[in-house]
Amino acid sequence: MLTKLADTTAASPLGLAAGHKLLRVSAGNWINRRVALFMSAPHTIVLSWSDSPYLSWTSPVPIMSDSEDSPFDAVINAGGDLIVAYTDQATARLVSRRLTITSTGWTVGTKVTVYDGA
């Protein structure tokens, strides 16, 4: 089954093929919850999630609005917390944010600079 989550105007909404954008919670209260990350517009990374049997997804929720219009990546731990790495639009630095899973979705944490070299 194909499901369209949203329209997008970003140059590369899913980034590089090697990146991770559809992730699954593998343990805990929200086991098997799926989360999809993509760029809905230049500079805006959003997420949408669904519980089994994945027939309906949440409306896309903006989680970052300071990203360059370029690829990003994400990882998920067993309990469902996400780490999203992307390029900051203002500084061109590699940054990351931790998103903590809750009963209603994810809470976005503070931006952390990963690399600030040329």
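Count residues from 1 along the sequence.
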Is there a donor-acceptor pair under 3.5 Å between the side chain of [X] and the backbone N or O of [Y]?
| X | Y | answer |
| --- | --- | --- |
| Asp81 | Ile101 | yes |
| Thr58 | Trp49 | yes |
| Thr113 | Tyr115 | no |

I need the [X] [atom1] to [Y] [atom2] distance, nearest 0.5 Å.
| X | Y | atom1 | atom2 | result |
| --- | --- | --- | --- | --- |
| Leu37 | Lys21 | CG | NZ | 8.0 Å |
| Ile63 | Leu82 | CD1 | CG | 7.0 Å |
| Tyr86 | Leu94 | OH | CG | 10.0 Å |
| Asp73 | Ser96 | CG | OG | 11.5 Å |

Quick one: side chains of residues 105-112, donor-acceptor pairs under 3.5 Å with protein atoms, not counting sequence neighbours, listed by atom name and distance.
residue: Trp106; atom: NE1; partner: Gly80; partner atom: O; Å: 2.7
residue: Lys111; atom: NZ; partner: Asp66; partner atom: OD2; Å: 2.8
residue: Lys111; atom: NZ; partner: Asp88; partner atom: OD1; Å: 2.7

- request: With side chain to side chain contact (heavy atoms under 4.5 Å, CB included) as the test, would you mind laying out the steps for Met39 and Val46 before giving the verdict?
  value: CA-CA 6 Å; Met39 292 188 81; Val46 299; over 6 Å; no
- request: Of all the heavy-atom pairs spanning Ser48 and Pro60, show the shortest one and how long it is.
  value: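 So the minimum-distance heavy-atom pair works out to CB-CA, 4.4 Å.
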Closest approach of Ser56 to Ser50 (non-hydrogen atoms, all atoms of both residues):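 So the two residues come closest at O-OG, 2.7 Å.
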Please list every donor-acceptor pair under 3.5 Å in which a side-chain atom of residues 22-32 meets a protein atom from a residue at least two apart or in another chain.
residue: Arg24; atom: NH1; partner: Asn32; partner atom: OD1; Å: 2.8

message: Could you check whether any side-chain heavy atom of Arg98 comes within less than 4.5 Å of a side-chain heavy atom of Asn77, counting everything from C-beta outward?
response: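 They are in side-chain contact.
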- request: List the steps and the verdict of side chain to side chain contact (heavy atoms under 4.5 Å, CB included) for Ile83 and Ile76.
  value: CA-CA 6 Å; Ile83 302 288; Ile76 191 168; over 6 Å; no
- request: Assess Arg34 against Tyr54: is NZ or CZ under 6.0 Å from the centre of the six-membered ring, and within 45 degrees of the ring's axis?
  value: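 Yes, cation above the ring, under 6.0 Å and within 45°.
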field: Val84 and Met64: CA distance, side-chain angles, deciding distance, side chain to side chain contact (heavy atoms under 4.5 Å, CB included) verdict
entry: CA-CA 9 Å; Val84 180; Met64 282 86 167; 3.7 Å; yes
query: Given Ile45 and Phe38, is the side chain to side chain contact (heavy atoms under 4.5 Å, CB included) satisfied, shown in steps?
result: CA-CA 6 Å; Ile45 300 172; Phe38 57 95; over 6 Å; no
